[in-house]
Asks: 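This is the structure I have questions about; it appears just below.
The figures here come from the full heavy-atom set of this structure, side chains too, leaving out hydrogens, waters and symmetry mates. Sequence positions, counted from 1, serve as the residue numbers for this chain. Order of appearance sets the numbers: ligands from 1, and atoms from 1 within every ligand.
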Amino acid sequence: MIKAKVAELLNSTQYLQEVQVKGWVRAFRSNRFIALNDGSTINNIQCVVDYKNMSEDLLKRITVGAAIKVKGTLHESQGSGQKVEIQVTSVDILGDADPEEVKLTILSPKKHSLEKLREQAHLRVRTNTFGAVMRLRSKLSFAVHSYFQNNNFHYVNTPIITGSDAEGAGEMFKVTSFDLKDIPKNEDGSINYKEDFFGKETNLTVSGQLEAETYALGLGQVYTFGPTFRAENSNTSRHLAEFWMVEPEMAFCDLDKNMDIAEDFIKYVLKYILDNCQDDLAFLEQRLANEDKAKPEAERSPMALTEKLRFVIENNFKRVSYTEAIEILKNSKPNKKKKFKYIIEEWGADLQSEHERYLVEKHFKCPVILFDYPANIKAFYMRLNEDGKTVRAMDILFPGIGEIVGGSQREERLDVLKEKMAALGIDEKELWWYLDTRKFGTCVHSGFGLGFERLVQFATGMGNIRDVIPFPRTPLNAEF
Ligand code: 4AD
Ligand code: MG
């Protein structure tokens, strides 16, 4: 007898083999056909029960949601819809699921909205949609590691609790062990952080970049892949308060090379799932097509899911300078007709997501890399160009997603970096260790950050970022 996962059995042709499988009942029809799923694949295995030889009591306990162990023999299926099935010799109930209670949950076999599923995030992974999304997420993680490991990058773990708040990537969550009802104060009434756990003010990290830079200037090429936190009050379908970011950092690498690597990396991970996740992708493609049918024509996605992935893999991303992009936007119809919420008047304007989406979805109709942004709308560490007003920044914009990557060539010149910091009021003492890297063997270096959930959104076609992470953290929501 072999103990197997459903995925293995469905691919097996070892008919008459004795098998054992454990999983959760998805459906039980006519006291005869159990659809069993164990999470190894989107597909259920059909287990055919000989109800005449089974006790009434046992049959009653084979209910949707129950965990069971099935033993039987593998057969070529008589019915349509599956290649193999198990002719059951015994069923053990491992964990019951009371039908009356199941009825009140999203496990009940009917269509539930994504909103409803979110309220039961601990159970939603047992649905086809979330099973598929989370398996894909897992494969994408693996592909992230394999891309960098195959290309001589070292994986580094940067701190989650940080003592510097200089990056300015977003609002921070504070970390403290103070009793909030009794916070030590200084004489002037300010908080006395010297008495806090770390003896200083600390936060959850918004990005591992600055620490990763120090490691790149020693290990050559590194990447982080970890959770990051932003306390922005943005309730959109693209923002989480806790999200995972992939941040490679490369020594002796300029912005052009940085863009090459980012593009190559994204194409690799998307190709990986196209090659390795066909069943889940086929399901999600159909899901998206069904969802689209309910939408007005203009809001439907122009391509099927896998077609869209293939399109990204097979075509060059369009590289456009910020200055060119502003010209395009200024002359665009929605700008002239004042359809944008933020009208683009002149060079220097920060781009809003409506502008990014116009460029990607309407104008270029492909992924776009924007580069050389105005210095004053970007972070202090980006390398200043010869023109003195733009920096070597790049953002990658994706259809339906907007910004998926933000990166730059870093300012490696100590004097320029110090000037920048002074102008922005960033205390040199805070970042003494960062400045050290520019004193001891500084070099041209670059990196970027990819929002992992936005990548998963793109790969799965899920419209809301809350549906691509197991337990989303958003304003006013930290259940589970
Ligand atoms: O553009 P950002 O803020 O860049 C940085 O943090 C740099 N330090 C990265 C680097 O150069 N190493 O964030 C990078 C990416 C964005 O492009 C976006 O995909 C994602 O992180 N991101 C978010 N994803 C989900 N929820 C949020 N609140 C996000 N904020 C940024
Ligand atoms: Mg950004």
Side-chain angles (χ1 to χ4, degrees), residues 137 140 144 148 153 156 158 162 164-173 204-216 221-250 253 255 258-259 261-262 265-266 269 322 350-353 355-356 360 367-371 373-374 377-383 391-398 400-411 434 445-459 462 464-469 472-475 477:
R137 182 181 165 108
L140 276 170
V144 166
F148 290 117
F153 283 69
V156 302
T158 47
T162 61
S164 66
D165 64 352
E167 215 224 328
E171 290 296 312
M172 306 240 236
F173 288 102
L204 290 179
T205 187
V206 292
S207 156
Q209 178 198 321
L210 302 191
E211 289 91 350
E213 277 186 58
T214 70
Y215 261 59
Q221 301 194 109
V222 299
Y223 69 106
T224 72
F225 185 6
T228 48
F229 306 87
R230 298 192 185 179
E232 286 144 307
N233 198 5
S234 26
N235 247 315
T236 79
S237 59
R238 312 270 175 259
H239 287 88
L240 290 166
E242 174 180 298
F243 65 100
W244 287 65
M245 190 158 37
V246 182
E247 294 184 275
E249 192 70 34
M250 295 78 71
C253 174
L255 190 73
N258 196 23
M259 293 194 263
I261 292 171
F265 161 61
I266 293 175
V269 295
Y322 167 90
D350 204 353
L351 300 184
Q352 306 296 325
S353 69
H355 308 127
E356 297 177 341
V360 173
V368 172
I369 312 185
L370 290 186
F371 61 91
Y373 281 77
I377 58 170
K378 289 286 182 187
F380 77 94
Y381 51 70
M382 298 185 178
R383 194 183 196 282
V391 285
R392 300 248 74 191
M394 64 111 170
D395 278 2
I396 303 187
L397 314 177
F398 258 45
I401 302 289
E403 180 190 333
I404 194 166
V405 160
S408 64
Q409 185 175 322
R410 318 307 189 187
E411 183 54 76
Y434 187 70
H445 65 286
S446 300
F448 62 87
L450 168 123
F452 186 61
E453 283 73 22
R454 294 192 185 172
L455 175 72
V456 181
Q457 271 193 285
F458 185 75
M462 299 301 284
N464 195 312
I465 198 162
R466 292 167 180 79
D467 297 330
V468 297
I469 186 165
R473 298 287 176 250
T474 50
N477 173 36

Asks: Quick one: which ligand 1 atoms are inside 4.0 Å of a heavy atom on G407?
Replies: 11 (O)
Asks: With the side chain counted from C-beta on, respond yes when F265 and P248 share a heavy-atom pair under 4.5 Å apart, and no when they do not.
Replies: no
Asks: Who pairs with R137 by side chain to side chain donor-acceptor pair (under 3.5 Å), at least two apart in sequence or on another chain?
Replies: E453
Asks: Name all residues meeting the salt bridge (charged side-chain N to carboxylate O under 4.0 Å, His left out) criterion together with D395; count only those two or more places apart in sequence or in a different chain, and write none if there are none.
Replies: K378
Asks: Checking Y223 now: which residues fulfil side chain to side chain donor-acceptor pair (under 3.5 Å) with it, not counting sequence neighbours?
Replies: H145, Q149
Asks: Answer whether the closest heavy-atom distance between the side chains of V456 and M462 falls below 4.5 Å.
Replies: no
Asks: For ligand 1, indicate whether the residue F243 contacts it via side chain, backbone, both or neither (heavy-atom separation under 4.0 Å).
Replies: side chain
Asks: Contact between F243 and I465 at the side-chain level, heavy atoms closer than 4.5 Å - yes or no?
Replies: no
Asks: I need the R230 CZ to E242 CD distance, nearest 0.5 Å.
Replies: 13.0 Å
Asks: For ligand 1 and E232, I'd like to know whether there is a polar contact (N/O to N/O, distance under 3.5 Å).
Replies: no
Asks: Taking the non-hydrogen atoms of R410, is any one of them nearer than 4.0 angstrom to ligand 1?
Replies: yes
Asks: Would you say the side chain of R392 lies within less than 4.5 Å of the side chain of F371, judging by non-hydrogen atoms?
Replies: yes
Asks: Can you sort out which atoms of ligand 1 are near S207, meaning under 4.0 Å from one of its heavy atoms?
Replies: 6 (O), 8 (N)
Asks: From the options E213, H239, M382, Q209, select the one whose nearest heavy atom is closest to atom 8 (N) of ligand 1.
Replies: Q209
Asks: Heavy-atom contact under 4.0 Å between S408 and ligand 1?
Replies: no
Asks: As an exercise, identify every atom of ligand 1 less than 4.0 angstrom from a heavy atom of M245.
Replies: 6 (O), 13 (O), 14 (C), 15 (C), 21 (O)
Asks: Work out whether the distance between some heavy atom of I396 and some atom of ligand 1 is less than 4.0 Å.
Replies: no
Asks: Output the list of atoms in ligand 1 that are nearer than 4.0 Å to some heavy atom of V405, sorted by atom number.
Replies: 17 (O)
Asks: Within the 3.5 Å criterion, strictly below it, is a donor on E213 or Y381 matched to an acceptor on the partner's side chain?
Replies: no
Asks: Hey, does I396 have a side-chain heavy atom less than 4.5 Å from the side chain of I369?
Replies: yes
Asks: Below a 4.0 angstrom heavy-atom separation, can you tell me which part of Y381, side chain or backbone, both or neither, approaches ligand 1?
Replies: side chain
Asks: How does Q457 reach ligand 1, by side chain, by backbone, by both or by neither, if only non-hydrogen atoms under 4.0 Å count?
Replies: neither
Asks: Look at ligand 1 and say whether F398 reaches it with a heavy atom at a distance under 4.0 Å.
Replies: no
Asks: Kindly assign one of parallel, tilted or perpendicular to the pair Y373 and Y322, based on the angle between their ring planes and the thresholds 30° and 60°.
Replies: tilted
Asks: Are F448 and N258 side-chain neighbours, meaning at least one heavy-atom pair lies under 4.5 Å?
Replies: yes
Asks: Is there a heavy atom of R230 sitting under 4.0 angstrom from any atom of ligand 1?
Replies: yes
Asks: For I404 and ligand 1, does the shortest N/O to N/O distance drop below 3.5 Å?
Replies: yes
Asks: Do the non-hydrogen side-chain atoms of R454 and F398 ever get within less than 4.5 Å of each other?
Replies: no
Asks: Once you restrict to heavy atoms under 4.0 Å, what part of E247 touches ligand 1? Side chain, backbone, both or neither.
Replies: side chain
Asks: Using a cut-off of 2.8 Å, how many protein N, O or S atoms sit around the Mg ion (ligand 2)?
Replies: 1
Asks: I want to check something: taking the side chain as every heavy atom from C-beta on, are F380 and E411 in contact at a cut-off of under 4.5 Å?
Replies: no
Asks: What is the distance from atom NE2 of H445 to atom CD of Q221, rounded to the nearest 0.5 Å?
Replies: 13.0 Å
Asks: Atoms of ligand 1 less than 4.0 Å from G406 heavy atoms?
Replies: 1 (O), 9 (C), 10 (C), 11 (O), 17 (O)
Asks: What atoms in ligand 1 come closer than 4.0 Å to a heavy atom of I465?
Replies: 25 (C)
Asks: Using a 4.0 Å cutoff against the non-hydrogen atoms of G451, which atoms of ligand 1 qualify?
Replies: 15 (C), 19 (O), 20 (C), 21 (O)
Asks: Could you tell me which atoms of ligand 1, counted from 1 in the order shown, lie closer than 4.0 angstrom to a heavy atom of R238?
Replies: 25 (C), 26 (N)
Asks: Which part of R454 is near ligand 1, with near meaning a heavy atom under 4.0 Å away: side chain, backbone, both or neither?
Replies: side chain
Asks: Tell me if the OH atom of Y215 is crowded by more than 12 foreign heavy atoms within 6.0 Å.
Replies: no
